[in-house]
Structure formats: C-alpha cells, structure tokens
Amino acid sequence: MRVLSFVALIAGVMLIPTTLGVAKLARDRDLSQLERSLVAETEAHGGALENYFTRSRSVVLLTANSPAFADVLAAPGTRIRKVRRNGRPLRDVVRHLGYLEQLYPSSIGEACFIDADGAELARVVRGRVARPQELSTSESQTPFFAPTFALRSGQTHQTLPYVSPDTKQWVIANATPIPQPDGRKRAIVHFEVTVESFRRAMGRATDAELRVVDGATGRVIIDGADPQRVGARLGNPDDHRFVALARRAGRAGVAKVDGRLVAYRRIRRTLGNANDWLVVASAPSPTPSFLAGLGAAPLAAIALALLLIAGGGAALRAGRRELEAQATTDGLTGLGNRRKLLADLARRVRTARPDAPSVLTLFDLNGFKNYNDTFGHQAGDALLQRLGSSLAQAIAPFGGRAYRPGGDEFCVIADARQQHAMEQAACGALSESGDGFDVSAAFGSVVIPRDAGDATEAMRKADEAMYAQKHSGRATAGRQSSDVLLRALAERHPDLGDHQDGVAELATEIGRRAGVDGEDLVHLAHAAALHDVGKVAIPDAIITKPGALDDEEWAFMRRHTIIGERIIAAAPALVPAAHLVRSSHEAFDGTGYPDGFAGDEIPLGARVIAICDAFDAMISDRPYSTPKSADEALAELRRCAGRQFDPQLVALFERVMAERAVSPTAERAPARAHPSG
C-alpha cells in the first residue's frame, strides 16, 4: 500500500506541472491569437481611415484643378459682379461643388469656393446652391482659411474636427489653393466631410471594440459602435482610459489599458493633415490572470510541485546555457558568430577606458573566392575551419577573442596595448598558400574608446578601414608607381627615407582624425610619402647646404613642389596625390608657395602634410640645423598657428601626440588603411 501511495503521490506531482504547462500554453495561445486579431483590426481599420484621408485630399485637388475655378478668377469684374453675372465658369464651379456630394453621399457638409479676401464665390450645402445674397464675406475666420493660404499649389490642408456652421455636424474640412499661372494664391476650394462618415469608413470590428483616440490628448473622438449625433459632443469625452497610452504610443503596438489587451496604430499628423489619431482595438473583456480561476486544491498542488521544480532547475539552466552557446557560435569554425561579436563589443565599449583601451579588428580574406571556385565548397569550408582555429590560437596570447561574423570575414576584439603585434599574428594565421592558390587577409582596426563611442560606430569605422586597405591593395598601378618614386628619391637622397616614412605615418593618422577617409585617406598617405619627390631635381649643393640659402637658391628650392606634382601626376593613379604635393608648402595666411593659397583654399590634406612635415623636420638631424625636442617642436607649431599652419589642425596634432605619449604602444594608426595603393 505504501508503494502504491508513493507512486500515486509522485504521479500526482508530475501531473501538476504538466497540467499547469498545458493550461499556460493554452492561455498563451489564446492571448497570442487575441493579440494577432487586435493588430489585424487596427491595420485594417486604420488603413481604411488613412485611405479615406487620402481620398479626400485627392478629391479636393482634382476639384481645384478644374479650369472652371481659374476661369472665374480670370474673368473681369469684381467678385460681386462675377457672382451676379452667374456666367458659365461660375455655373461649372457650382456643378463641380455639387458633384462632391455624389462622391460622398450623406457625408458632405458643405463645399465652398472662397477668394483671398475671405468672401465666398460659390457654396453648395447638401445639394442646395447658395443665392448671391447668402454668400459669406467673412470666411477668413474659419479654421481652414489661413492654413490653406499658407500652402503651395498642389498641397492640401485637412483640419481638426469642428462643428460646421451650416450643418451643425462635426466635420473635417479639406482645402487647397486654386492653381494660378502666375503662382499667386487668389482663392481656395474646400469641402467638409462629416466625422460620422469617417466612423463609417473605418467600419466595425467583429470581436473587438474600435475607437479613434486623439494622439495629443488621449480623448476618444470616434467610437466605432456609437454614431456621432448632431449637437452632441465629439466622440466620448468622458472616456479617459487612453490618456497614458497616447503619451507613450509609437507607430503601432500592443498594450494593456484598464485590464484589457489593446492594439493601436497611429495615423500621424502630416503637412496635409492636422489630425494625430490612434486607431485602438480593445478586447471585449478584461484579461484574467493565470491563477485567478484556480481553487485551493490546485494551489496546494503547486506548493508540492515546487519540490520537483527545484530539482529540475539545474537541468534547465544547463540546457539554457547550451542553447545560448549554440545561438552565439559559428557552426563551421566554432568561433563566436555575429550575435556574440556584437554583444561582446557592446560590453567592451562600456568598460574600455583611455588608459586601458581595446581594439576591434575586422579581417576580410583575399583570394578565398578563387580558392572556393577552384577546389569546391567542401575544401573552402575546410580552409575556413583551419584559418579560424589558427586565428584563435594566434590571438590568445594578446588577450583577444576571435569571431566569424559570416562568409570569409573574421574579427578580433583584444587589448589595444599590443595592437600591432596582434594584427601581424592574426594576418599570419589567416594566410595560407599552395599550388594554384594564395589566401591572405586585409584588415581594419579601431581603438575603443579613442576612435569610437559605441558599437555601431566602431563596426562602421573598422569596416571602412578594412575595405580601404583591401581596395588600396588591389590598386597595383598606384602602389607600384608610388614604390618606384620612393625608391628613386631614396637613391638620390638616402637621408630623406626616414623623414618620408615619419611624415606619411603622422599625416595618415592626423588626416583620419580630421575626417579624411576612404580613397581620400589613401591619396593623403601617398602625397605625404611623396611630398619631397620633387627634390630629385634640386642640386645636392642646395639640399645639403649647411648654411642659409640665398634668394636664388630659395627660388630654385621652391620649385620642388611644382616639379613633384609633374612627376607624380605622370602616374594616373596618383593624380589626386599630386595636387596635394603641389600645395604642401602653402601657408595658412597666404604667404606660402607656389600659388599663394590661404585658409580653406589650401586642400585639407596639404594642410595636414605641412604640419607633419614641419614637425618631423624639426625633430630630425639636418645639415643646416640641430634637432629640437618634441616639446620644442610643438611649441614652434603653436607659435606659427594661424600664420603658417591651420590652427585647428595644430590643436588636433597636439591632442594626437598627447595621446601617443600616454599610450605609446597603441600609437600606430588605429584605423589601419595601409596606403599601399
């Protein structure tokens, strides 16, 4: 008997969570179905209202574009004479106004033709044409008059609901200027559509309560089940349930109001429509809580079930961890996938500090498509597995983590203090060659928080840097031309080699921080590396002269930027860089050479090169001067800011040098886009 009792108890305890689970699934299913039904109601009926607004705008525009209205305005005589004459154009206008009632049977309040002085030229109310003596001369006081005359031709104005003085019904006016050949606004046409017709156009829901709520106040202005009566207040002004919803509602959504599930869709205020409406579909009855219908026995059974739940909690947590791992792991390489990358990057952005920066590096494989096409997808997958494994091992010593966002792209997040070494190790790990193939990696890096303040910006900048490098690596004509010119300059003046490298590295970093990116950054890097190439045509006696140059020697020396431009521009791929080289010795105050440009007339890249060239020259050994310290060189740049150099770029240069002094191991261009093209 004990055994049977124990078995019955265990069976009962196991049955309780099953029963509760089935009940919850059924309840969730019912709620989900109700939610979908309410959303469908708001979409259908909200769309019907939007279409009704659109139709009204289209109708008033078509009416106003009838030649009859323009003909009446063009006819000679005063308004009174035109009205009394009742010529054919005016009769055509009246016919058009009367036709609106056929388009909106039982929905039109009135239709009017009004001039810029606020006087009516014609009015039709429910098919009745107003006599001349009945026409108003004070329509400028109406809610649609001034907003309509503020519009351009072809635009419409739909008012907030108001009570029509003629029909005493709640209406929404639709008005537009009459198009005129000279563009002047001499008159408008308008017609009123009843709020009740909007309720009918919206239609009724079968399993929900439909309302239209004012988006600004939360007042119910249309009740789908309650016709708008003449003389009554608009909608249901005593219903305040939706005030809080109106304050927080977006474009569409689902919420709970007064214990009921509601779905809403917003019809936003636009240039042509002054109404901001929420179409709300409410469940017909409050949503009961899950435990509301349970009695004492089920509640007691739940207490017993907690014992079973406690035992199963550990297994549940383990299963969840496994699912999370599957959801954040690339199935091919075992590295983190894009979801994992973005989550980890967001955490790094929150925790990285200037004294403990992190680096995000994106890699894109060169040559992988050819490998895949040549050896097949299975071989390509195997290669990706090998490269992914090699990458994870290579960056582990740098405290980094590897990811595969997708395709042939990889990514690393690591400590920025060993950025350069990590990049080289990662590139080596992502390279493989053999008979008939050569796979390598292009990359772009961003240092956080120095270069990016959020995850999206970091991904964008790293992606731009990666593709700039990838593109520059393919521009073989530019790269080869640049290499040849640099080799020629090094052969003629070996002492300029380090100077060229220093200026190029500094200029690339300053230019990137000044907003230069993509191809422009590549051209800036080429120009910085080649800015002295014109000195191959300058005699050695001038280049190496230990003393000051005389006027004739200075005139000869100042030709080197023009000579450099001619030499570099001979390579089509380097023409943009050639223009920067020509202006690299212009002064910010216009006293430089060869063109005497000043301020923003000097290309941004040339202004950057001038500062970096001067700084590197001051701290280097030269035949005619002893080297300065970095602080002395910076002081000289500050002294010449505004005269020789761009003061804003000098300030930026100082900040970069200060950052390098704080974090010297991360000083090499963090958003790498190598100027090899």
Heavy-atom nearest pair, Ala64 first then Ile178, reads CB-CD1, 3.9 Å
Any side-chain heavy atom of Arg513 sitting closer than 4.5 Å to one from Arg450? yes
Under 30°, 30 to 60°, or over 60°: which ring-plane class applies to Tyr52 and Phe198, parallel, tilted or perpendicular? perpendicular
Pair Lys461 + Asp517, salt bridge at N-O below 4.0 Å: no
Assess whether atom CD of Glu457 is packed by more than 12 heavy atoms of other residues, nucleotides or ligands within 6.0 Å. yes
On the six-membered ring of Tyr104, is Arg55 placed so that its NZ or CZ lies under 6.0 angstrom from the centre and within 45° of the ring axis? yes
Val94 side chain reached by Phe113 side chain, heavy atoms, under 4.5 Å: no
Return the minimal non-hydrogen interatomic distance between Leu345 and Ala455, and the atom names on each side. CD2-O, 3.7 Å
Using side-chain heavy atoms (C-beta onward) and a distance below 4.5 Å, is Asp239 in contact with Arg211? yes
For Asn337 and Ala327, indicate whether the former's side chain and the latter's backbone hold a donor-acceptor pair under 3.5 Å. yes
Would you indicate whether the side-chain heavy atoms of Asn174 and Thr156 approach each other to under 4.5 Å? no
Give the intermediate values and the outcome of side-chain contact (heavy atoms from CB on, under 4.5 Å) for residues Val189 and Leu97. CA-CA 9 Å; Val189 62; Leu97 295 179; 3.8 Å; yes
Does the Arg338 side chain pair with the main chain of Gly406, one donor and one acceptor, at a distance under 3.5 Å? no
Below 4.0 angstrom, N of the basic side chain to O of the carboxylate: do Glu659 and Arg655 qualify? no
Is a side-chain donor-acceptor pair under 3.5 Å present for Gln228 with Arg199? no
Partner of His190 by ring pair (Phe, Tyr, Trp, His ring centres under 6.0 Å), out of Phe69, Phe145, Phe144: Phe144
Closest heavy-atom pair, Arg219 versus Pro237, reported as atoms and distance to 0.1 Å, is NH1-CB, 4.4 Å
Quick check: are there more than 12 heavy atoms from other residues, nucleotides or ligands sitting under 6.0 Å from CG of Asp600? no
Chi angles and distances behind the side-chain contact (heavy atoms from CB on, under 4.5 Å) call for Arg57, Phe53: CA-CA 6 Å; Arg57 289 195 293 270; Phe53 274 119; 3.8 Å; yes
Regarding Asp330 and Lys340, does a basic nitrogen lie under 4.0 Å from an acidic carboxylate oxygen? no
Test side-chain contact (heavy atoms from CB on, under 4.5 Å) applied to His523 and His579, step by step: CA-CA 10 Å; His523 297 322; His579 297 327; over 6 Å; no
Under 6.0 Å from the CD atom of Gln33, do we count more than 12 heavy atoms belonging to anything else shown? no
For Leu73, is there any backbone N or O sitting under 3.5 Å from a side-chain donor or acceptor partner on Lys82? yes
Working to the nearest 0.5 Å, report the span between SG of Cys411 and CE of Met459. 6.0 Å
Counting only N and O atoms by type, is there a donor-acceptor contact under 3.5 Å from the side chain of Ser32 to the main-chain atoms of Asp30? no
Determine whether Pro179 and Asn65 make a side-chain contact, defined as any pair of heavy atoms from C-beta on separated by less than 4.5 Å. yes
Say whether, by atom type as modelled, one donor and one acceptor occur between the side chain of Trp170 and the main chain of Ala232 under 3.5 angstrom. yes
Inspect the surroundings of CZ in Arg251 and state if more than 12 heavy atoms from other residues, nucleotides or ligands are less than 6.0 Å away. yes
Return yes when atom CZ of Arg95 has more than 12 non-hydrogen atoms of other residues, nucleotides or ligands closer than 6.0 Å, and no otherwise. yes
Test your reading of the model: is there a side-chain donor-acceptor pair from Asp520 to the backbone of Val516, 3.5 Å cut-off? no
Pair Asp117, Arg79 - check salt bridge (Lys or Arg N to Asp or Glu O under 4.0 Å), show working. CA-CA 10 Å; Asp117 295 325; Arg79 181 193 75 87; over 6 Å; no
CD of Gln158 to CD1 of Ile172, rounded to nearest 0.5 Å, is 7.5 Å
More than 12 foreign heavy atoms under 6.0 Å from CZ of Arg184: is that the case here? no
Flag, side chain of Arg91 to backbone of Asn86, donor-acceptor distance under 3.5 Å: yes
If you compare all heavy atoms of Pro177 against all heavy atoms of Thr148, which two are closest, and at what distance to 0.1 Å? CG-O, 3.6 Å
Is there a donor-acceptor contact under 3.5 Å from the side chain of His45 to the main chain of Met202? yes
Is the shortest heavy-atom distance from the side chain of Asn275 to the side chain of Leu160 under 4.5 Å? yes
Counting neighbours of CZ on Arg128 that are heavy atoms of other residues, nucleotides or ligands and sit closer than 6.0 Å, is the number greater than 12? yes
Roughly how far, to the nearest 0.5 Å, is CD of Gln102 from CD1 of Ile108? 11.0 Å
First locate atom CZ of Arg266, then atom CG of Leu278, and finally report the distance between them rounded to the nearest 0.5 Å. 4.5 Å
Is there a salt bridge (Lys or Arg N to Asp or Glu O under 4.0 Å) between Arg126 and Glu101 once you walk through the steps? CA-CA 7 Å; Arg126 293 177 177 171; Glu101 191 165 352; over 6 Å; no
Minimum heavy-atom distance between Leu261 and Leu38, given as atom pair plus value: O-CD1, 3.3 Å
Positive for salt bridge (charged side-chain N to carboxylate O under 4.0 Å, His left out) with Glu209, one of Arg204, Arg260, Arg241: Arg260
Within the 3.5 Å criterion, strictly below it, is a donor on Arg460 or Thr456 matched to an acceptor on the partner's side chain? no
OG1-CG distance between Thr137 and Leu135, expressed to the nearest 0.5 angstrom: 9.5 Å
Taking all non-hydrogen atoms of both residues into account, name the closest pair between Val280 and Leu245 and its distance. CG2-CD2, 4.5 Å
Residue from Leu362, Leu342, Leu341 passing side-chain contact (heavy atoms from CB on, under 4.5 Å) with Tyr403: Leu341
I'd like to know if the side chain of Arg269 and the backbone of Ala274 have a donor-acceptor N/O pair within less than 3.5 Å. yes
Begin from the C-alpha positions of Leu649 and Leu604 and carry the test side-chain contact (heavy atoms from CB on, under 4.5 Å) through to its verdict. CA-CA 9 Å; Leu649 290 179; Leu604 175 60; 3.9 Å; yes
Between Leu31 and Thr287, is there a side-chain heavy-atom distance shorter than 4.5 Å? yes
Distance (rounded to the nearest 0.5 Å) between Ser56 OG and Asn273 CG: 9.5 Å
Just wondering, do Ile222 and Trp277 contact through their side chains at under 4.5 Å, heavy atoms? yes
For Thr351, does its backbone N or O pair with a side-chain atom of Arg348 as donor and acceptor, under 3.5 Å? no
Side chains of Gln169 and Thr194: is there a donor and an acceptor less than 3.5 Å apart? no
Less than 3.5 Å apart, any donor N or O on the side chain of Glu139 or Ser136 sitting next to an acceptor on the other? yes
Salt bridge present between Asp92 and Arg88 (N-O < 4.0 angstrom): yes
